[in-house]
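Atoms within a ligand are numbered from 1 in the order they appear, just like the ligands themselves. For the single chain, residues carry numbers from 1 onward in sequence order.
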Amino acid sequence: MTIHADFDRLIDRRGTNCAKWDAMPKVYGVPVEDGIPMWVADMDFSAAEVLQDAVRGLLEKANYGYFTGESEMKDAVAWWMKSRHGWSPDPSHMFSTAGLGNAIAICLQTYTDPGDEVIIFTPVYHEFTNKIVNAGRVVKESPLVPGEDGMYRMDLQSLESALSGREKMLLFCSPHNPAGRVWTVEEQKELAAFCERHDLVLVADEIHHDLVLPGHTHVPMPVAAPDIAERLIMLTSSSKTFNTAGSRLGTVTIPGTMLRARFSDALTALNLSPNLLGCVLTRAAYTPQGAEWVDQLVGYLDGNRAAFLDAMGQIPGVRAMPMQATYLAWVDFSNTGMEMKEVLRRVNEDARIAPSVGAEFGKGGETCLRFNIATPRARVEEAATRLQAAFSDLQ
Ligand SMILES: Cc1ncc(COP(=O)(O)O)c(C=O)c1O
């Protein structure tokens, strides 16, 4: 069956309790009437038809009671990982959590103690820091370093010399949010060896793994560094790929026996089990029809990338990082000669656009804004035009 997903269709999400649109005035002061939300990592496209069919099937049964089907879902996860990513996880090593933020929080509780340090490579998805701090653990930031090609690199040497000995865990985002970086096998091997040398649990958050743009290949950590299996926690979910974050379901795969037993005990203690909608959507997503939709989605996102980055490149002093993955454009305003307060004022008030504020992503993000471009092309172009107008006085 060949599908034709229509990503150009403008959908009005205002007034639907959609966080990205309806919380925009409160958080940014950008009016919902003609503002463009480019913050929350959520897509403005209609769900894949295969998901709609699955939800219709659920409605027709008119039964939302206790259910079976988690093991079939895990089989679907294993099929997807094998067919899309060349990784063959064992379904018996998988656990379901209420999304991956929840999975990170449980990992912190399970494998670290209050006061332990947790390493992150900043700038990075801001919730990493929040989860670590909320758990009473200590954030150890290792700033990423931009290379000559404008892409971030990890600096393991500097990190190594700054270790205190209290580090217990390393939280790794692959592909990287916010910078859209796809890590090479070599980089991942070096990181795995680093974790081995310093006896760290490596939590690999690969939620963005399907959103890899043409010309790039994401290699899952257990494929890049199979030797790390005993200390690896893999976090994946169909939610970023298929825009189903509201269904709150993530998969945690733990190949190592010891770490797996501890996670299992933690879930039992919390009495956590997956929810019906999350299971139904994940099973529907991880199918050949779902794969076809994702292929079309990625092609469309690549077109948005080209349009948006090209437009940003025309504003003097503004530099967007090349994107290898995700639908998040990481844009640096440091060469505009403006204070970030003024940059934000122009973006929010003059352009009526709400991007994510770079400083929230940790060290190195202070002069950047993150723009979510997963919205119909016409809206991306409108946003680009408004941004160019807001900075038209720059030479
Ligand atoms: C790297 C990363 N991890 C986790 C999450 C959140 O996952 P969830 O909605 O399943 O809690 C996000 C959301 O943007 C993310 O970018």
Side-chain angles (χ1 to χ4, degrees), residues 18-20 23 27 37-44 47 73 77 94-109 118-132 134-135 139 144 152 169-183 188 202-212 218 220-221 233-253 267 270 272 274-275 277-279 281-282 285-286 301 323-330 354-358 360-362 365 368 370-375:
C18 164
K20 184 184 182 185
V27 178
M38 301 180 88
W39 57 311
V40 181
D42 173 310
M43 303 193 280
D44 292 326
M73 180 186 71
V77 173
M94 295 176 189
F95 300 93
S96 303
T97 56
L100 292 189
N102 179 231
I104 293 167
I106 297 171
C107 286
L108 287 163
Q109 295 292 337
V118 180
I119 299 168
I120 55 173
F121 295 100
T122 56
V124 73
Y125 174 53
H126 59 292
E127 281 295 325
F128 280 11
T129 294
N130 293 342
K131 299 281 180 283
I132 296 167
N134 292 344
V139 178
L144 293 166
Y152 281 134
M169 179 182 283
L170 190 149
L171 201 43
F172 185 52
C173 189
S174 174
H176 191 78
N177 168 12
R181 180 72 216 284
V182 173
W183 305 107
Q188 295 193 71
L202 173 55
V203 178
D205 179 340
E206 302 200 358
I207 196 169
H208 293 277
H209 63 173
D210 292 312
L211 304 173
V212 173
H218 163 79
M221 182 60 83
I233 312 282
M234 281 292 288
L235 308 185
T236 59
S237 175
S238 58
S239 67
K240 204 56 64 184
T241 315
F242 289 90
N243 210 40
T244 55
S247 68
R248 312 307 301 136
L249 196 97
T251 302
V252 180
T253 305
L267 284 198
L270 290 167
L272 260 184
N275 74 82
L277 183 62
C279 277
L281 290 175
T282 298
Y286 287 161
L301 292 176
M323 287 171 69
Q324 300 177 328
T326 79
Y327 46 70
L328 306 165
W330 187 238
S356 298
V357 178
E360 290 174 9
F361 295 78
C368 298
R370 189 192 74 173
F371 293 86
N372 174 347
I373 57 168
T375 199

**Prompt:** Going by the order shown, which atoms of ligand 1 are within less than 4.0 Å of some heavy atom of G99?
**Reply:** 10 (O)
**Request:** Can you pull out the closest protein heavy atom to atom 12 (C) of ligand 1? Residue, atom name and distance to 0.1 Å, please.
**Result:** Y125 CZ, 3.4 Å
**Message:** Any non-hydrogen side-chain atom of E127 less than 4.5 Å from a side-chain atom of I104?
**Reply:** no
**Test item, R248 contacting ligand 1 (heavy atom, 4.0 angstrom)** = yes
**Prompt:** Partners of Q188 by side chain to side chain donor-acceptor pair (under 3.5 Å), sequence neighbours excluded?
**Reply:** none
**Prompt:** Is any N or O atom of L100, backbone or side chain, closer than 3.5 Å to an N or O atom of ligand 1?
**Reply:** yes
**Item:** Element-labelled atoms of ligand 1 that are located less than 4.0 Å from some non-hydrogen atom of G101
**Value:** 7 (O), 8 (P), 11 (O)
**atom 7 (O) of ligand 1: the protein heavy-atom neighbour that sits closest, reported with distance to 0.1 Å** = I207 CD1, 3.6 Å
**Message:** If we check side-chain contact (heavy atoms from CB on, under 4.5 Å) with T251, which of these qualifies: L100, L235, T236, T97?
**Reply:** T236
**Message:** Counting only heavy atoms, tell me which of N177, L249, D205 gets closest to atom 2 (C) of ligand 1.
**Reply:** D205
**Message:** Nearest 0.5 Å, please: how far is CG in D210 from CZ in F242?
**Reply:** 7.0 Å
**Request:** Assign the ring pair F172 / W183 to parallel, tilted or perpendicular, where the plane angle (0 to 90°) is split at 30° and 60°.
**Result:** tilted
**Message:** Suppose I only count heavy atoms of A41 and a 4.0 Å limit; which atoms of ligand 1 are within that range?
**Reply:** 14 (O)
**Asked** Is there at least one pair of N or O atoms, one from N102 and one from ligand 1, spaced under 3.5 Å apart?
**Response** no
**Request:** Give the residue, atom name and distance (to 0.1 Å) of the protein heavy atom nearest atom 14 (O) of ligand 1.
**Result:** K240 NZ, 2.8 Å
**Request:** Go through the side-chain N and O atoms of R248 and N102 and say whether any donor and acceptor fall under 3.5 Å apart.
**Result:** no
**Item:** C173 heavy atom under 4.0 Å from ligand 1
**Value:** yes
**Asked** With a 4.5 Å heavy-atom cut-off, do R181 and P175 have their side chains touching?
**Response** no
**Asked** Any side-chain heavy-atom pair from I373 and M38 closer than 4.5 angstrom?
**Response** yes
